[in-house]
> 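To start, I am sharing the structure in question, which I have written as structure tokens.
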Number of protein chains: 2
Amino acid sequence: MTLDERKRQILESIVKDYVETAEPVGSRAVVKKYALNISSATVRNEMADLEDMGYLEQPHTSSGRIPSERGFRYYVDYIMEKQQLSNEEIEMLDQLVDDNEHELSQFIGRIGYFLSQVTNYASFVVVPSVKFEEFRTIQLIPLEKEKALILLVTDTGMIIHRKIDVPPSVDEEDLEHIGRIFNQVFKNKKISGINRSDLKYLRESLKLKRKIVDRALEEIDDLLKNTNDEKLLVSGTLNILNEPEFKDLDKLRRILRLLEASDAFKDIIPSNLSEEVDITIGHENKLEDIKDLSLVYAGYKSYGEPGAIGLLGPVRMEYWKAAGTVEAVCRAIEKRMKLKKK
Amino acid sequence: MTLDERKRQILESIVKDYVETAEPVGSRAVVKKYALNISSATVRNEMADLEDMGYLEQPHTSSGRIPSERGFRYYVDYIMEKQQLSNEEIEMLDQLVDDNEHELSQFIGRIGYFLSQVTNYASFVVVPSVKFEEFRTIQLIPLEKEKALILLVTDTGMIIHRKIDVPPSVDEEDLEHIGRIFNQVFKNKKISGINRSDLKYLRESLKLKRKIVDRALEEIDDLLKNTNDEKLLVSGTLNILNEPEFKDLDKLRRILRLLEASDAFKDIIPSNLSEEVDITIGHENKLEDIKDLSLVYAGYKSYGEPGAIGLLGPVRMEYWKAAGTVEAVCRAIEKRMKLKKK
DNA sequence: GTTAGCACTCTCGCCAGACGAGTGCTAATG
DNA sequence: CATTAGCACTCGTCTGGCGAGAGTGCTAAC
């Protein structure tokens with residue numbers, strides 16, 4: 001598994017050059033561009049060795065070499081150093097973290113956008129369902145005739161709402177009264193802390209309005225269930241248009257479709273998420289459609305729930321830049337989480 | 001300007017065939033496919049005439065003809081009949097209209113999605129800023145330490161909110177008190193109806209907390225300003241990948257970029273919106289980037305404010321289907337608006 | 001072990017020729 | 001006089017061959 005220093009240098013040169021140009025790299029190019037003190041013939045010998053070992057491959061007998069997926073894997077594991085963000089980029093990121101006005105999920109969305117902008121790949125973010133702790137307030141707000149809005153605010157500042165029908169027998173004043181009682185019961189309660197006696201109390205205080213109370217409870221239950229699913233945000237999908245490997249329209253279409261259908265997309269994200277940057281290359285991915293794409297991703301925690309953030313690009317990807325940026329972005333999310341807590 | 005019956009039939013045949021196959025149409029094909037009782041030679045003569053008049057053009061001297069933009073224009077103006085929705089489609093649309101749970105803007109979003117699904121073109125919807133009439137409620141909800149949520153609900157069921165900082169001198173009880181007073185002043189008031197004396201009353205009732213009151217007012221003002229911009233929703237952008245005219249990657253990229261950047265996109269929508277379906281073909285569009293696309297669109301009213309909805313496709317577009325669907329969808333929106341009002 | 005040199009391979013772009021779809025024109029027809 | 005059959009002609013596309021160029025592998029010399 002270990003390569004001598006020169007082979008590593010040559011492999012690195014080929015990776016860098018191929019990522020940049022998307023063309024097979026010849027022995028002369030390696031010597032010239034990276035100013036090694038050896039002749040092209042030597043490089044040729046080494047390249048032949050590297051090919052035997054499976055790190056390089058030749059599209060045709062008489063062309064230069066390109067790194068195989070295994071070659072990229074070796075590069076990523078043993079040679080690559082993550083590239084730090086530029087000062088400018090660091091500043092942009094800091095600004096995102098400091099802007100405290102927006103909700104966490106919005107912040108994470110912006111982080112995703114940042115990621116795709118800086119790297120020129122498609123980014124994805126899995127925002128975990130916010131398992132909030134307590135209700136902060138619950139309200140019933142009359143709208144047009146026979147309609148009202150159920151509105152919940154959680155301690156995390158998330159707002160959940162739904163419009164419901166109100167029986168004609170319940171007038172605005174009733175609604176207000178019911179809302180007050182609801183709020184009394186739920187306010188600052190943990191979700192798990194709502195017990196039978198609370199519900200009983202609720203029903204008894206409002207027994208004349210049993211119908212509307214039950215309806216509201218039902219809706220609240222439903223709302224809590226439905227807001228529980230994690231969200232997937234994707235941005236920068238059009239970046240893949242720039243990659244020459246996707247000049248094939250059919251391939252392109254498949255990938256863009258995939259990126260648009262978040263359901264399918266979720267399957268591609270590996271489940272063993274650590275907080276370290278992880279990389280899967282080409283056929284290491286399980287899903288057929290992305291066998292010629294690579295993922296660079298990492299996990300993070302949002303209120304204790306695991307989320308994921310990462311990049312999707314061609315196998316011929318600037319892994320150093322991608323990994324560096326994903327790492328920086330993860331640290332930024334952590335920083336933000338701490339900021340929130342204090 | 002008027003063509004005799006036979007020329008119109010031939011033009012129509014060529015349009016239909018070309019839209020279907022994206023290939024130049026030959027004289028024989030016209031006769032065969034559309035079972036006209038004339039020979040191909042006659043058709044050739046007629047086609048030559050139509051070309052002289054500018055309704056057809058020949059990509060190369062020895063190929064069939066394709067409709068020119070002028071030809072499409074003639075077809076759309078004088079020949080086309082809008083194709084009605086299928087029963088199945090009508091049912092889907094009715095279901096959308098009847099589902100009363102969601103907010104109007106969400107409904108319109110779904111309508112846009114429906115439009116793109118049914119026609120296989122990219123759809124756009126301009127949702128006008130909802131100039132709501134009255135505040136239904138206004139609340140201040142304490143969150144973590146020194147943070148609170150300003151929450152407005154309008155009579156249209158729209159919810160606007162923002163997190164603000166609270167000076168440490170203001171505790172939770174104060175906040176609740178302030179919220180109540182705010183609500184008292186604003187509740188069921190028209191925006192325009194909030195006058196100096198209201199504000200004066202507000203300030204005086206809470207003069208000890210002047211700082212937080214001013215801050216809140218400022219934020220409310222800002223919120224109202226910022227939620228005032230109309231939204232643009234685009235869906236089905238990937239449908240254009242199916243059109244053979246966009247196999248040119250560069251063209252494709254430009255268009256997809258355009259569709260993603262809503263700012264630029266707004267410019268393409270003509271401003272003289274009637275409630276009739278309108279069509280602009282190719283170079284009739286002002287914006288350079290869509291000179292080889294066509295628009296099929298119509299205006300509608302949402303709470304009296306003008307919005308727009310339409311389709312974007314290649315010049316070689318199924319105008320009959322597109323126009324029929326846009327029309328149906330507009331009627332659906334109208335229907336929904338009436339439903340709301342009663 | 002490294003390097004210079006050389007024959008060899010394979011791709012790519014270019015060109016010529018065959019093919020075929022479709023036209024325009026002419027002359028014949030009702 | 002409109003319509004039609006027939007035919008020569010045009011032009012795009014497909015195919016195969018050819019030369020140039022890039023890059024290799026191998027051999028022999030250092």
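Numbers restart at 1 for each chain; the letters A, B, ... are given by sequence-line order, proteins then strands.
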> Could you list by number each residue of residues 9-21 of chain B showing a heavy-atom separation from DNA chain C of less than 4.0 Å, or answer none if no residue does?
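Result for residues 9-21 of chain B: none.
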> NA contact type, Ser27(A), heavy-atom cut-off 4.0 Å: base, sugar-phosphate, or nothing?
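Here Ser27(A) touches the backbone only, sparing every base.
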> Under 3.5 Å between N/O atoms: give me all the protein pairs with nucleotides 13-17 of chain C, atom names plus distance.
none

> Walk me through whether Arg73(B) and Glu284(B) qualify under salt bridge (charged side-chain N to carboxylate O under 4.0 Å, His left out).
CA-CA 10 Å; Arg73(B) 168 53 56 198; Glu284(B) 294 169 11; 2.6 Å; yes
> In whole angstroms, how far is the P atom of dG22(C) from the CD atom of Glu23(B)?
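From Glu23(B) CD to dG22(C) P: 9 Å.
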> What is the separation between atom CD on Gln58(B) and atom C1' on dC11(D), rounded to the nearest whole Å?
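Computing the Gln58(B):CD to dC11(D):C1' distance gives 11 Å.
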> Fit a plane to each ring of Tyr75(A) and Trp320(A), take the angle between them on a 0 to 90° scale, and name the class: parallel (under 30°), tilted (30 to 60°) or perpendicular (over 60°).
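It falls in the perpendicular class, over 60°.
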> Looking only at the side chain of Ala41(A) (C-beta and beyond, no hydrogens), which of the listed nucleotides dT3(C), dA5(D), dT24(D) gets closest?
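The nucleotide sitting nearest to the side chain is dT3(C).
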> Side-chain contact, heavy-atom cut-off 4.5 Å: Ile255(A) with Ile290(A)?
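Heavy-atom side-chain distance check fails, nothing below 4.5 Å.
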> Glu46(A) CD to dC26(D) C1': how many Å, rounded?
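After rounding, the gap between these two atoms is 16 Å.
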> Does the side chain of Leu115(A) come within less than 4.5 Å of Ile309(A)'s, by heavy atoms?
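Side chain of Ile309(A) against side chain of Leu115(A), heavy atoms only: contact under 4.5 Å found.
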> Find out whether Val15(B) and Phe72(B) are in side-chain contact, i.e. whether some heavy atom of one side chain is under 4.5 Å from a heavy atom of the other.
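Answer yes - side chains close enough.
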> Looking at residues at least two apart in the chain, or sitting in another chain, which of them share a side-chain hydrogen bond (donor to acceptor under 3.5 Å, both in side chains) with Ser294(A)?
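Applying side-chain hydrogen bond (donor to acceptor under 3.5 Å, both in side chains) to Ser294(A) gives Tyr319(A).
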> Please tell me if the side chains of Glu245(B) and Asp292(B) come closer than 4.5 Å, counting only heavy atoms from C-beta onward.
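They are not in contact (no side-chain heavy atoms under 4.5 Å apart), so the answer is no.
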> For DNA chain C, list all stems, counting runs of three or more consecutive pairs where every pair is Watson-Crick or G-U wobble with both distances under 3.5 Å.
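DNA chain C stems, ordered by first number: C:1-30 with D:1-30.
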> Are the side chains of Tyr18(A) and Glu23(A) in touch, meaning some heavy atoms are under 4.5 Å apart?
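Heavy-atom side-chain distance check fails, nothing below 4.5 Å.
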> Among residues at least two apart in sequence or on other chains, which ones pass side-chain hydrogen bond (donor to acceptor under 3.5 Å, both in side chains) with Thr42(A)?
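Expected list: Ser39(A).
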> Just N and O in the side chain of Thr42(A): are any of them under 4.0 Å from OP1 or OP2 of dT3(C)?
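Yes.
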> Side chains of Tyr121(B) and Pro314(B): closer than 4.5 Å at any heavy-atom pair?
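A side-chain contact exists here, since the closest heavy-atom pair is under 4.5 Å.
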> When you measure from the side chain of Arg65(B), which nucleotide among dG24(C), dG25(D), dA5(D) comes out closest?
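Side chain of Arg65(B) sits closest to dG24(C).
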> Calculate the interatomic distance between His60(B) atom NE2 and dC11(D) atom P; express it in whole Å.
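Answer to the nearest Å: 11 Å.
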> Does a side-chain heavy-atom distance below 4.5 Å link Val118(B) with Val329(B)?
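Val118(B) vs Val329(B): side chains apart.
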> Taking all non-hydrogen atoms of both residues, which atom of Glu46(B) and which atom of Ile10(B) are closest, and how far apart?
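Nearest heavy atoms, Glu46(B) then Ile10(B): CB-CD1, 3.6 Å.
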> Expressed as a whole number of angstroms, how long is the span from Lys33(B):NZ to dG22(C):P?
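Answer to the nearest Å: 11 Å.
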> Could you state the CG-C1' distance from Asn45(B) to dG22(C), rounded to the nearest angstrom?
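After rounding, the reported distance stands at 14 Å.
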> With a cut-off of less than 4.0 Å, is there a side-chain N or O of Arg6(B) near OP1 or OP2 of dT3(D)?
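Yes, Arg6(B) has a side-chain N/O under 4.0 Å of OP1/OP2 on dT3(D).
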> Would you sort out whether Ser235(B) and Ser123(B) count as a side-chain hydrogen bond (donor to acceptor under 3.5 Å, both in side chains), showing the intermediate values?
CA-CA 5 Å; Ser235(B) 49; Ser123(B) 77; 3.1 Å; yes
> Rounding to an integer number of Å, can you tell me how far Glu51(A) CD sits from dG23(D) P?
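That distance rounds to 15 Å.
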> Hey, is CZ on Arg28(B) packed in by over 12 heavy atoms from elsewhere, all under 6.0 Å?
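No.
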> Roughly, in whole Å, what's the span from CZ in Arg28(A) to C1' in dG25(D)?
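Whole-Å distance recorded here is 17 Å.
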> Which atoms of nucleotides 7-10 of chain D (N or O only) lie under 3.5 Å from a protein N or O atom, and what are those distances?
{"unit_1": "dT10(D)", "atom_1": "O2", "unit_2": "Ser62(B)", "atom_2": "OG", "d": "3.1"}

